[in-house]
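Residue numbers run from 1 in the order of the sequence given. Predicted model, so just to flag it, every value in this text is computed and none were measured.
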Amino acid sequence: MLQISTKTIIPDSEIEINAIRSQGAGGQNVNKVSTAIHLRFDIKASSLPDFYKEQLLKLKDRRITQEGVVVIKSQEYRSQEKNREEALRRLQELIKSVVILKINRKPTKPTRNSQKKRLDSKSKRGEIKSMRRQITD
């Protein structure tokens, strides 16, 4: 059971987890033990609220296939259990990221006083530089 929020829970039956062999160096452990985790979660067939489903399917994330299946592969750790927890954490993080509403920024203009100060400081700086020049008759 994966807890997304206080009211939203994903049952284990909707998350498909397979153990596969990890890639890369690691000696005999890599060759003998299936420690990597391949997690699959079908968004359309899940019990998530419609809002979550719509937002997840709109996401431009490489982990979500065109069929609406989230595929996460975890092979950071040497133990299968830690990789399983990591994959579930990533799925939880992905689903939670959809809920956060982005606040539109209101563009603001600088005040008249700040514009005046900026222009005054520029002209003052220009005067200082012009005073450094050689005086020609």
Side-chain angles (χ1 to χ4, degrees):
M1 195 163 54
L2 186 65
Q3 181 103 22
I4 304 301
S5 66
T6 53
K7 295 180 182 178
T8 311
I9 297 171
I10 300 173
D12 290 336
S13 60
E14 293 181 4
I15 302 170
E16 182 185 325
I17 296 177
N18 296 321
I20 56 174
R21 288 198 177 149
S22 293
Q23 295 175 330
Q28 292 179 351
N29 193 53
V30 169
N31 299 331
K32 290 194 286 186
V33 186
S34 299
T35 56
I37 294 293
H38 199 259
L39 181 142
R40 295 177 66 83
F41 176 69
D42 191 357
I43 298 168
K44 294 175 183 173
S46 70
S47 62
L48 281 174
D50 291 333
F51 171 75
Y52 283 94
K53 289 181 185 180
E54 291 169 11
Q55 296 299 320
L56 279 170
L57 293 172
K58 281 184 195 174
L59 271 182
K60 302 264 191 244
D61 196 311
R62 62 181 174 81
R63 297 174 288 185
I64 301 173
T65 64
Q66 289 180 338
E67 294 81 38
V69 178
V70 178
V71 179
I72 296 174
K73 184 178 180 184
S74 176
Q75 60 181 11
E76 282 183 50
Y77 302 102
R78 287 182 64 134
S79 75
Q80 192 180 82
E81 189 55 38
K82 280 189 177 181
N83 283 328
R84 183 179 180 280
E85 288 171 8
E86 177 65 18
L88 288 171
R89 186 194 64 75
R90 284 191 214 160
L91 176 65
Q92 184 180 31
E93 194 175 274
L94 177 70
I95 296 171
K96 280 184 177 181
S97 72
V98 169
V99 181
I100 300 168
L101 297 173
K102 292 178 178 77
I103 300 169
N104 289 338
R105 180 187 170 273
K106 288 184 182 176
T108 58
K109 293 181 180 177
T111 61
R112 274 201 187 124
N113 194 30
S114 67
Q115 288 177 343
K116 187 176 181 297
K117 278 184 186 177
R118 184 180 66 85
L119 293 174
D120 287 344
S121 68
K122 284 171 73 79
S123 59
K124 197 177 283 186
R125 187 77 186 148
E127 284 177 30
I128 292 170
K129 288 187 172 189
S130 66
M131 298 295 274
R132 292 182 192 154
R133 293 191 192 131
Q134 285 183 346
I135 301 170
T136 55
D137 290 329

Task: Side-chain heavy atoms of Lys96 within contact of Ile4, under 4.5 Å - done: yes
Open item on the list: Can you confirm whether Ile20 sits close enough to Lys73 that some side-chain heavy atom of one is under 4.5 Å from a side-chain heavy atom of the other?
Closed with: yes
Salt-bridge criterion met for [X] and [Y] (N-O under 4.0 Å):
X      : Y      : value
Lys44  : Asp42  : no
Arg89  : Glu93  : yes
Asp120 : Lys124 : no
Arg90  : Glu76  : yes

Are [X] and [Y] joined in one hydrophobic group, where the rule is that I, L, V, M, F, W and Y side chains link up if heavy atoms are under 4.5 Å apart?
X     : Y     : value
Val71 : Leu59 : no
Tyr77 : Leu88 : no
Ile95 : Val99 : yes
Ile15 : Leu57 : yes

Would you give the length of the straight line joining atom [atom1] of [X] to atom [atom2] of [Y], rounded to the nearest 0.5 angstrom?
X      : Y      : atom1 : atom2 : result
Leu39  : Glu16  : CG    : CD    : 8.5 Å
Lys116 : Ser121 : NZ    : OG    : 11.0 Å
Lys109 : Gln115 : NZ    : CD    : 9.0 Å
Gln80  : Ile37  : CD    : CD1   : 4.5 Å
Glu85  : Ser74  : CD    : OG    : 10.0 Å
Ile10  : Leu2   : CD1   : CG    : 5.0 Å

Task: Partner set under side-chain contact (heavy atoms from CB on, under 4.5 Å) for Phe51, not counting sequence neighbours - done: Gln55
Task: Pair Val69-Phe41, side chain to side chain contact (heavy atoms under 4.5 Å, CB included): steps then yes or no - done: CA-CA 6 Å; Val69 178; Phe41 176 69; over 6 Å; no
TODO: Please step through side chain to side chain contact (heavy atoms under 4.5 Å, CB included) for the pair Ile17 and His38, ending with a clear verdict.
DONE: CA-CA 6 Å; Ile17 296 177; His38 199 259; over 6 Å; no
TODO: Identify the two heavy atoms, one from Thr8 and one from Pro49, that lie closest to each other, and give their separation to 0.1 Å.
DONE: CG2-CD, 3.9 Å
- [ ] Provide the closest heavy-atom pair for Glu127 versus Ser130 in the form atom of the first, atom of the second, distance.
- [x] O-OG, 2.7 Å
- [ ] Please check if any side-chain donor atom of Ser47 sits under 3.5 Å from a side-chain acceptor atom of Glu14, or the reverse.
- [x] yes
- [ ] Kindly indicate, with the supporting measurements, whether the criterion side chain to side chain contact (heavy atoms under 4.5 Å, CB included) is fulfilled by Tyr52 and Ile43.
- [x] CA-CA 9 Å; Tyr52 283 94; Ile43 298 168; over 6 Å; no
TODO: Start with the C-alpha gap between Asp61 and Leu56, add the side-chain angles, then the distance that decides, and say whether side chain to side chain contact (heavy atoms under 4.5 Å, CB included) holds.
DONE: CA-CA 9 Å; Asp61 196 311; Leu56 279 170; over 6 Å; no
